[in-house]
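Please read the structure below before turning to the comments.
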2 protein chains.
Amino acid sequence: MRYFMALAETLHFGRAAERMNMSQPPFSRQIAMIEHTLGVKLFERNSRNVALTPSGKHFMKDCRNVLGQFEEACRDVRLVASGMKGELRFGFMMHAAHSVVPQLVQLYAEARPDVRLVLDERTPTEIDEMLVAGTLDAAVTFDCGYAPHLQTVLLARERLRIIMRKDHPLATVGQIGPEELRGEKVIAAPAATAPALRSAINSYFSARGIVPHVVLEPRLQHTIIQLVAKGLGVALIPASLCTEPGAGLISRALTDAPQLDVVLRAPITTKNPAVSTFMEIGKSIQRTLL
Amino acid sequence: MRYFMALAETLHFGRAAERMNMSQPPFSRQIAMIEHTLGVKLFERNSRNVALTPSGKHFMKDCRNVLGQFEEACRDVRLVASGMKGELRFGFMMHAAHSVVPQLVQLYAEARPDVRLVLDERTPTEIDEMLVAGTLDAAVTFDCGYAPHLQTVLLARERLRIIMRKDHPLATVGQIGPEELRGEKVIAAPAATAPALRSAINSYFSARGIVPHVVLEPRLQHTIIQLVAKGLGVALIPASLCTEPGAGLISRALTDAPQLDVVLRAPITTKNPAVSTFMEIGKSIQRTLL
DNA sequence: ACGATCAATGCTTTCAGGGTATCAGATGGA
DNA sequence: TCCATCTGATACCCTGAAAGCATTGATCGT
């Protein structure tokens, strides 16, 4: 096809051959071969001048197209390999949706506009599973400790705050700690859904020898807040989710509040070249560790 | 690329090689060569299983596209060569626009829907020039006799009629011939524009020893009728243009009316394969020769 | 009529790419 | 744990597609 295009553009066997870095005779044979295999005369030629047939003229457009697409495919695959283009499946938990995730996504989209970011909001446990299964390329979740096959970037350290209805008795108490919460109805995500969060809550109480009275265990953070709003209990949630408590709700700091590490994670064996700069950007936006 | 696609689809060197009608070792080398020249790892493989890298997955889409376009280009060029597809530049004179042209165009468009018909309305002389210059592939014009390098299909034989204002003195005369037109102001296209038509008109008069009094010589048929409508003279025009004379106009038969052959013409040396069936359709619609 | 130009043809040569044999790593069953 | 088996990679060879060179033949301008 490149031979054909060279001749179609120059209409001169000698010059076209030169453009293809070869001598004229084999070039002539190649053109003849193309015409023979296609079964179509592409050039009208005598020993003096060369012209495209209508078929040749049509074929020229198609060839230009095909060759262009071909070059682009070769260029693109290199871009994908360099991480400049492609797709990155990014999972995150609701708890991070209002803190680090927007900034991370925005910075990355600016740095790598040709990488399609596929966002996927999941629970921490789902995220872990999907990271090992390879369904996600990277994810923001709570640090749940041991994860040998994952690389980890600490993004932020969040304190938990307590959230409750404004008309709750504790709303007037100055310092709230485990003792004040003794016997209080607590709503918290199940350990199976958010192990790190739940274990932080549990140890906050058990360190003082108190067993929290967990009355409801919804899987979604969103649901927890709704149930608190209905007056079914109080909840311990990350500070970044407390900036705009819903109507009728109020959040308070906790004494010796538990801290949770929000991390960006990706399989160390990832084959997706887009991940590395994503992690780099993660490092660059490490929040002040409160 | 076909090698790559075979492996990308089977994810098995042996079976992919078989699909490409070759043995596995050279196939492995080809894949390695592709990866090397692109500088991109396309497959993640150990001795047990083969998987696409993200780059490979992306490249697969592009390859499918390119290969499809390539196949289509090869198919299309054959279609063009067979006259099933392509372009046909078709010229015609105004005098035929209301008679044979619509039928010819419609029948051809039905027979060869993938050939783009480029219609070009011209004067007979322009048509002749464009046919020899190769700017037109085929054209409908008056038969102007000798044309060795053109193939000709007779489409219709048209008598000339006279057209005049309804209030013209001749409008009441029963038989109109050269004698009745003696001294009459005649409007006719110049010989340089429509040689066949003009010479038919001239000889109609000169056969009776009469010199027509041609007062105006507009190039366009359209203009002639307008001038007749303004009362500037009478005109001899093909019968097919008289079916709907404009307001205030009337047409009459002529005694021993001159006849003109309307022909479909194309260069015998035409390289456009679409022309032959166009000519065939021309033959098939030969009108009853009045 | 002759020389210049340009595509086609004949012949030679080379290396890209295919074939066969074999190796090496991984997996699964005995 | 070991062996049979599967699968991709390597080593080596060989063929033929395709390139080069020399030449021919046709056409056009002087």
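What's counted below: heavy atoms across the whole structure, side chains too, no hydrogens, waters or symmetry copies. Below, read A as the first sequence line, B as the second, and so on, with proteins coming before strands; counting in each chain starts at 1.
- Met20(B) places its CE atom 15 Å from the C1' atom of dG17(C), with the value rounded to the nearest Å.
- Judged purely by distance below 3.5 Å, without hydrogens or angles, the side chains of Glu129(A) and Thr125(A) never pair a donor atom with an acceptor atom.
- Note on Gln24(B): a base of the nucleic acid sits closer than 4.0 angstrom, heavy atoms only.
- Residue order along DNA chain D, read from the 5' end via each residue's closest nucleotide, puts Pro26(A) first among Asn49(A) and Pro26(A).
- One can place CD of Gln30(A) at 16 Å from P of dA7(C), the figure rounded to the nearest angstrom.
- Residue Ser23(B) places no side-chain N or O under 4.0 Å from the OP1 or OP2 atom of dG18(C).
- Side-chain atoms of Gln69(B) and Asp62(A) include no donor-acceptor pair closer than 3.5 Å.
- In this structure, Glu71(A) does not pair ionically with Arg2(A), as no charged nitrogen and carboxylate oxygen lie closer than 4.0 Å.
- At whole-Å resolution of the value, CZ in Arg15(A) and C1' in dA7(C) are 13 Å apart.
- Looking at Arg29(B), its side chain has no donor and acceptor atom pair within 3.5 Å of the base of dG17(C).
- Judged by distance alone, the side chains of Thr193(A) and Arg219(A) do bring a donor and an acceptor atom under 3.5 Å apart.
- In this model, a donor atom of one side chain and an acceptor atom of the other lie less than 3.5 Å apart for Arg265(A) and Thr152(A).
- Summarising the geometry, the separation between CD1 on Ile34(B) and C1' on dA16(C) is reported as 14 Å, rounded to the nearest angstrom.
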Go through it in stages, so that I can follow the logic: the residues are Arg198(A) and Asn202(A), the test is side chain to side chain donor-acceptor pair (under 3.5 Å), and I'd like the CA-CA distance, side-chain angles, deciding distance and then a yes or no.
CA-CA 6 Å; Arg198(A) 180 57 181 268; Asn202(A) 285 353; 3.2 Å; yes
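- Among the atoms of the strands shown, only primed sugar atoms or phosphate atoms (P, OP1, OP2) are found under 4.0 Å from some heavy atom of Tyr3(B).
- You can see that DNA chain D meets the heavy atoms of chain B within a 4.0 Å-exclusive cut from dC6(D) to dC12(D), reading 5' to 3'.
- Arg48(A) comes within 4.0 angstrom of a nucleotide base, judged by non-hydrogen atoms across all strands.
- Distance Glu35(A) CD to dA7(C) P: 13 Å, rounded to the nearest Å.
- With respect to Lys283(B) and Glu280(B), a salt bridge is recorded, a charged nitrogen being found less than 4.0 Å from a carboxylate O.
- In this entry the distance linking CZ of Arg2(B) with P of dG17(C) reads 14 Å, nearest Å.
- Atoms CE (Met22(B)) and P (dT20(C)) sit 11 Å apart, rounded to a whole Å.
- Protein atom CZ of Phe27(B) is 17 Å distant from nucleotide atom P of dT20(C), rounded to whole Å.
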